[in-house]
Amino acid sequence: MRELGIGLIGTGFMGRAHALAFNNARAVFELPVQLKLAALADADTERAQRCATAWGFAQAHGDWQALINDPKVDVVAITTPNHLHYPMAMAAIAAGKAVYCEKPLAVSLEQADAMRRAASAAGVVTRVGYNYQHNPMITLARQIIANGELGDIISFQGEFSEDFMADPASPWSWRCEVAHAGGALADLGSHLLSMARYLVGDVVSVCADSHTVHALRPAVKGSNDFKAIAVDDQVHALLRFANGARGTVSSSWLKHGYKNHLSFEISGTKGTLAFDQERLNELRLCRVGQDGFQRLLAGPALPGYAAFSPAAGHQLGYNELKTLEVQELIMAVAGQGADGTDFEAAWEVERLATAIRMAAQEERWVNVNSV
């Protein structure tokens, strides 16, 4: 069996999630290749070695370029802050290696465009970490829509809110820097935009408003030295879809009480479908003639679920969704699948986000294809 070497850059929350996913994927699924955790890189050399040992990687690097140059690495997984996605991905593509990059793809549309063009020219497999779409319940939702059970889709109402920046005393971080991140729209809203496109289709035009609520934050925790904040704390947008449906999306990292509130309602002429990531093993469905919603519960009849549990109601979690995403990545690299969000699709999400920012800044409707 062919051996596929995995190289992981980054050891934070997402780095650990990727490491778990690669380990889980080779334990749970019958893959067409043998996964080898070849190398891990982090700017902190001691941390790189410590995490490599703990997570099962054969080699540790203190320099990400050394990982990309490592001949034992075939797939480069990038879990660093957003502004590093571009140089790392471009270097990996130039080396002819598959790239698995966390979202958002880049910090500018120009970077995203260059990344998707380079990947296309090189013919390498790319995937971006929109892992919520790999939930078996989202697959079911897409099937329900495609089968016409909701009739003609007329509206999408989506929200992705959390509260990790709700306290104005929360200190400045790289997420607050325009050149490094992009605010709540990039951090949270990109997931929602990707989900809307995945379930309902292309968005043709947008109108939006963005708001920086806390214009100053402590430079470090407890400091009296403050830094100015230029990224959005919350964004609200109106969408017009290519199929005629209308939509609303909102995103905030200030909303008290919400921890992972990626939610949507999709309405059609024959019914409504509702989902909330905080209850990720459930869908709510109302068809014409029903007095209220029916609760659909995840179970082993759904593709992907049975790999983790043979019984309904036993629940999948965040790390299982990441494992399902990695499975699709590996199948694509092995030439046996095309599912998942590649750089081309991720660029479309970035273009939509850029149109939303432009609409908010210029206070007008923006045609997405003009961006």
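Note that the structure is a prediction, hence the values are computed from the model and not measured. FYI, side chains are in, hydrogens and waters are out, and symmetry mates aren't considered; it's all heavy atoms of this structure. Along the sequence shown, residues carry numbers from 1.
Heavy atoms from other residues, nucleotides or ligands lying under 6.0 Å from NZ of Lys270 number 12 at most. A 6.0 Å sphere centred on CD of Glu3 holds more than 12 heavy atoms belonging to other residues, nucleotides or ligands.
Under the 3.5 Å distance criterion, with hydrogens and angles disregarded, no donor-acceptor pair is assigned to the side chains of Arg175 and Asn82. Defined by atom type and a distance below 3.5 Å, a donor-acceptor pair is present between the side-chain atoms of Gln49 and Thr53.
By the 4.0 Å N-to-carboxylate-O rule, Lys255 lies close enough to Glu159 to be salt-bridged with it.
Inter-residue side-chain proximity for Phe57 and Leu8 is flagged as met; some heavy-atom pair is nearer than 4.5 Å.
Side-chain rings of His18 and Tyr100 approach one another, their centers coming within less than 6.0 Å.
Partners of Ser194 by side-chain hydrogen bond (donor to acceptor under 3.5 Å, both in side chains), not counting sequence neighbours, listed by chain and number: Gln133. The side-chain hydrogen bond (donor to acceptor under 3.5 Å, both in side chains) check on His261 picks up Ser263, Asp276, with sequence neighbours excluded. Residues forming a side-chain contact (heavy atoms from CB on, under 4.5 Å) with Pro87 (at least two apart in sequence, or on another chain): Trp64. Contacts of Gln327 classified as side-chain contact (heavy atoms from CB on, under 4.5 Å), with partners at least two apart in sequence or in another chain: Phe29, Leu31, Leu324, Met331.
For residues 198-207, the set of pairs meeting the side chain to side chain donor-acceptor pair (under 3.5 Å) definition, not counting sequence neighbours, comprises Arg197-Asp202. Screening residues 103-124 for side chain to side chain donor-acceptor pair (under 3.5 Å) gives Asp113-Arg116, Asp113-Arg117, Arg116-Glu344 as the qualifying pairs, with residues at least two apart or on separate chains.
Because its NZ or CZ atom is both nearer than 6.0 Å to the ring centre of Trp365 and within 45° of the ring axis, Arg240 counts as a cation-pi partner of that residue.
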**Prompt:** Run the side chain to side chain contact (heavy atoms under 4.5 Å, CB included) check on Tyr132 and Phe275 step by step: do they pass?
**Reply:** CA-CA 12 Å; Tyr132 298 118; Phe275 172 82; over 6 Å; no
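Proximity of a side-chain donor or acceptor of Asn23 to a complementary backbone N or O of Ala19 within less than 3.5 Å is detected.
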